[in-house]
Structure formats: structure tokens, C-alpha cells
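Shown next, in C-alpha cells, is the structure this report addresses.
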Amino acid sequence: MAINKFTGAQKAAILLLSFGEEISAEIFKHMTEFEIKRIGSAMSRIGRLESEIVDEVMMEFYGILQQNKRFFQG
């Protein structure tokens, strides 16, 4: 499945919905009001997703983390 059809806000919404309420709430604390509204809106419009789509979004996120892990070390 191609996740390229999803916007960044939609991908973020998919991730946050996957992370669950407690983790998502912590992440939202570090966002601007604009970001919260944009992602919240995307969250409310996302219906049921196939698990393959969620997996692809998570793998893309993991890939980004791996590329930038030098920023997270130390």
C-alpha cells in the first residue's frame, strides 16, 4: 500500500492514534496550538485503517528516527 497519499498531518495523526491516549497527550504538550488543531482535525477525519497502513507509517517514522539518531544520543 502506498502511504504517499497521506499528508504529514495525517501520518502524524495515524502515529498518535497508534501510540494511545497517554503517550499522545505527552506529545501534544510539546506542540503549538496550530499543530494540535491540524493534527486533531486529521485524527477526527481518519476512519478505520488497515493494519498495513499503520505499519507502513510506523516504519517510515522509524526510518526517520534512524536517520537522525545522532541528534537523540547523548
Side-chain angles (χ1 to χ4, degrees):
M1 302 216 153
I3 58 169
N4 297 332
K5 66 180 182 174
F6 294 103
T7 66
Q10 290 171 322
K11 290 177 185 179
I14 291 168
L15 279 174
L16 290 171
L17 288 168
S18 302
F19 291 159
E21 191 174 320
E22 194 172 314
I23 293 171
S24 295
E26 285 298 315
I27 294 170
F28 275 124
K29 289 179 184 178
H30 301 281
M31 292 183 180
T32 66
E33 184 177 341
F34 174 77
E35 292 167 332
I36 293 169
K37 285 181 182 178
R38 192 161 176 214
I39 293 171
S41 176
M43 289 172 95
S44 69
R45 288 192 310 266
I46 289 178
R48 273 185 74 97
L49 294 170
E50 296 177 19
S51 61
E52 291 84 11
I53 292 173
V54 176
D55 290 345
E56 284 187 49
V57 171
M58 286 191 165
M59 289 305 296
E60 182 179 317
F61 177 65
Y62 178 74
I64 291 168
L65 288 177
Q66 288 297 85
Q67 290 172 355
N68 297 298
K69 69 180 174 183
R70 70 177 183 270
F71 295 113
F72 300 109
Q73 295 175 344

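Computation of the quantities below employed the complete heavy-atom set of this structure, encompassing side-chain atoms and omitting hydrogens, waters and symmetry-equivalent molecules.
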Residue set satisfying side-chain contact (heavy atoms from CB on, under 4.5 Å) with Ser44, at least two apart, ordered chain then number -> none

Let me confirm one number: the [atom1]-[atom2] distance from [X] to [Y], rounded to the nearest 0.5 Å.
X: Ile39; Y: Leu17; atom1: CD1; atom2: CG; result: 10.5 Å
X: Thr32; Y: Arg38; atom1: OG1; atom2: CZ; result: 10.0 Å
X: Ile53; Y: Lys5; atom1: CD1; atom2: NZ; result: 5.0 Å
X: Glu52; Y: Ile3; atom1: CD; atom2: CD1; result: 12.5 Å
X: Ile14; Y: Glu56; atom1: CD1; atom2: CD; result: 10.0 Å

Here the side chain to side chain donor-acceptor pair (under 3.5 Å) pairs for residues 57-66, sequence neighbours left out, are Lys11-Glu60, Tyr62-Gln66

Kindly say whether Lys37 contributes a backbone atom to a donor-acceptor pair with the side chain of Ser41 at under 3.5 angstrom? no

On a heavy-atom basis, the closest approach of Phe6 and Leu49 is CZ-CD2, 4.4 Å

All heavy atoms of Met58 vs all of Ser18, minimum pair found to be CE-CB, 3.2 Å

Is there a path of hydrophobic side-chain contacts, each under 4.5 Å between heavy atoms of I/L/V/M/F/W/Y residues, joining Ile46 to Met59? no

Side-chain polar contacts of residues 19-26 - donor-acceptor pairs under 3.5 angstrom, sequence neighbours left out - could you list them?
from	atom 1	to	atom 2	distance (Å)
Ser24	OG	Leu16	O	2.5
Ser24	OG	Gly20	O	2.8
Glu26	OE2	Lys29	NZ	2.8

